[in-house]
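Structure first, commentary second.
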Amino acid sequence: MKTLVTNLKGRCLFDVSMKTQIDGLICIQTDDSKDACLDKFIKGGAVKIDTQDYIEAVKTITGVIRGAKKHGEVFVAYNGGEIGALLGFIANKEEVDGVFTCFKDHALRMPLLKLDLSDTRLRILEALEKENLTAISIGKKVGISRAMVYKHLSGLLELGLVKQSQMFEKYSITQSGKLILI
């Protein structure tokens with residue numbers, strides 16, 4: 001089964017549906033509109049994002065995509081809108097089968113991007129999610145040398161997933177880092 005998770009409407013939605021030959025459609029929306037013109041032809045439904053908390057929105061969308069992946073291929077199509085960027089990010093994070101965006105009423109297939117985070121970097125993020133830590137504490141919790149901690153922290157800082165406080169040389173997870181762990 002091929003499922004499309006999208007916030008698109010109109011011609012772009014039709015264009016992506018034709019390109020992917022979907023069997024199911026899940027519309028992610030922030031309002032109560034029911035104008036997904038394909039819902040008469042394709043089984044599916046709508047998921048309303050009615051929170052102002054982007055972490056909760058990401059959790060909801062992630063759950064939808066993971067649920068759809070259990071049934072087969074998943075494609076994500078998005079435009080700007082209020083949740084478009086989140087849909088694009090989550091689609092790549094969850095490694096869906098295809099990602100599309102809308103440009104001037106035409107669907108454009110985007111290359112899949114992969115966040116290449118090692119298990120060690122993920123463990124560092126998980127440790128920092130619980131509390132702010134020094135490099136020495138991170139090394140003890142994750143089981144790596146101090147030199148390796150600094151190497152991994154440098155990469156995480158560059159990606160904007162971790163930040164360093166000026167006092168006490170502690171590191172903490174950023175809001176972007178929290179999105180990675182969902």
Side-chain angles (χ1 to χ4, degrees), residues 1-119 121-122 125-126 155-156 158-162 173-182:
M1 180 170 175
K2 293 181 183 179
T3 303
L4 175 63
V5 178
T6 184
N7 72 333
L8 295 180
K9 297 176 182 174
R11 178 164 169 71
C12 280
L13 176 57
F14 180 76
D15 195 15
V16 172
S17 299
M18 295 306 294
K19 287 180 179 182
T20 56
Q21 297 295 303
I22 59 170
D23 303 304
L25 173 67
I26 301 173
C27 294
I28 306 289
Q29 54 196 42
T30 56
D31 56 21
D32 290 322
S33 68
K34 297 194 187 260
D35 62 352
C37 59
L38 300 178
D39 60 0
K40 295 177 186 154
F41 307 104
I42 301 170
K43 62 184 171 184
V47 174
K48 183 178 178 190
I49 305 295
D50 60 358
T51 180
Q52 298 298 316
D53 181 359
Y54 66 92
I55 297 284
E56 288 304 314
V58 167
K59 286 179 181 178
T60 300
I61 297 166
T62 300
V64 167
I65 290 173
R66 287 178 181 168
K69 285 179 81 171
K70 291 178 184 177
H71 302 289
E73 294 178 88
V74 175
F75 296 89
V76 171
Y78 65 94
N79 63 8
E82 294 179 348
I83 57 172
L86 293 179
L87 269 170
F89 166 75
I90 297 163
N92 284 295
K93 180 180 165 289
E94 293 297 316
E95 299 178 357
V96 300
D97 298 289
V99 178
F100 294 82
T101 192
C102 190
F103 181 75
K104 296 191 183 249
D105 284 339
H106 294 286
L108 173 66
R109 187 160 190 166
M110 301 297 289
L112 294 173
L113 305 173
K114 184 174 180 170
L115 260 174
D116 195 19
L117 291 177
S118 67
D119 288 339
R121 288 187 180 183
L122 287 172
L125 289 175
E126 288 167 352
L156 291 168
E158 187 175 315
L159 290 170
L161 303 177
V162 167
I173 191 168
T174 64
Q175 296 297 329
S176 297
K178 290 177 183 178
L179 293 178
I180 298 296
L181 297 178
I182 293 174

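- Side-chain contact check for Leu125 versus Arg121: every heavy-atom pair is 4.5 Å or farther apart.
- In this structure Ala57 satisfies the side chain to side chain contact (heavy atoms under 4.5 Å, CB included) test together with Ile49, Thr51, Leu86, sequence neighbours excluded.
- Every residue two or more places apart in sequence or in another chain was checked for a salt bridge (charged side-chain N to carboxylate O under 4.0 Å, His left out) with Lys69, and none qualifies.
- When each of Val64, Ile22, Val96 is checked for a side chain to side chain contact (heavy atoms under 4.5 Å, CB included) with Val5, only Val64 meets the rule.
- Here the closest non-hydrogen pair linking Ser176 and Gly160 is CB-O, 3.8 Å.
- For the atom pair CD1 (Ile61) and CD1 (Ile83), the distance works out to 4.5 Å, reported to the nearest 0.5 Å.
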* Go through Leu112 and Val99 one step at a time and tell me if the side chain to side chain contact (heavy atoms under 4.5 Å, CB included) criterion holds. => CA-CA 7 Å; Leu112 294 173; Val99 178; 3.5 Å; yes
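- With sequence neighbours left out, the side-chain hydrogen bond (donor to acceptor under 3.5 Å, both in side chains) criterion links Gln175 to Tyr54.
- Note that CG of Asn7 and CD1 of Ile26 are 13.5 Å apart. Values are rounded to the nearest 0.5 Å.
- At most 12 non-hydrogen atoms from other residues, nucleotides or ligands lie less than 6.0 angstrom from CD of Glu158.
- Checked against side chain to side chain contact (heavy atoms under 4.5 Å, CB included), Leu108 has the following partners two or more places apart in sequence or in another chain: Thr101, Met110.
- Taking both residues in full, the closest heavy atoms of Cys12 and Ala107 are given as O-CB, 4.3 Å, listed atom of the first, atom of the second, then distance.
- For Glu56, the salt bridge (charged side-chain N to carboxylate O under 4.0 Å, His left out) partners are Lys59, not counting sequence neighbours.
- A distance of 10.0 Å separates OG1 in Thr30 from CG in Asp50, rounded to the nearest 0.5 Å.
- Taking each heavy atom of Asn79 and Cys102 in turn, the nearest pair found is CB-CB, 4.2 Å.
- Two residues are said to be in side-chain contact when any heavy atoms from C-beta on lie closer than 4.5 Å; Thr6 and Ile28 fail this criterion.
- Distance CD1/Ile65 to CG/Leu87: 6.0 Å, rounded to 0.5 Å.
- At distances below 3.5 Å, at least one donor-acceptor pair connects side-chain atoms of Lys2 with backbone N or O atoms of Thr20.
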* Residues Thr174, Val162; criterion side chain to side chain contact (heavy atoms under 4.5 Å, CB included); working and verdict -> CA-CA 5 Å; Thr174 64; Val162 167; 5.5 Å; no
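- Considering only residues two or more places apart in sequence or on other chains, Lys114 meets the salt bridge (charged side-chain N to carboxylate O under 4.0 Å, His left out) condition with Glu95.
- For Leu113, the side chain to side chain contact (heavy atoms under 4.5 Å, CB included) criterion is met by Asn92, not counting sequence neighbours.
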Can you list, pair by pair, the side-chain donor-acceptor contacts under 3.5 Å of residues 70-78, counting residues two or more places apart and other chains?
none

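- Between Leu161 atom CG and Ile173 atom CD1 the span is 7.5 Å, to the nearest 0.5 Å.
- The distance from the CG atom of Leu4 to the CZ atom of Phe100 is 8.5 Å, given to the nearest 0.5 Å.
- Scored by the side chain to side chain contact (heavy atoms under 4.5 Å, CB included) test, Thr62 finds Val58, Arg66, Ile90, Glu94, Ile182 as partners (sequence neighbours excluded).
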* Criterion side chain to side chain contact (heavy atoms under 4.5 Å, CB included) on Leu25 and Leu13, from CA distance to verdict -> CA-CA 10 Å; Leu25 173 67; Leu13 176 57; 3.9 Å; yes
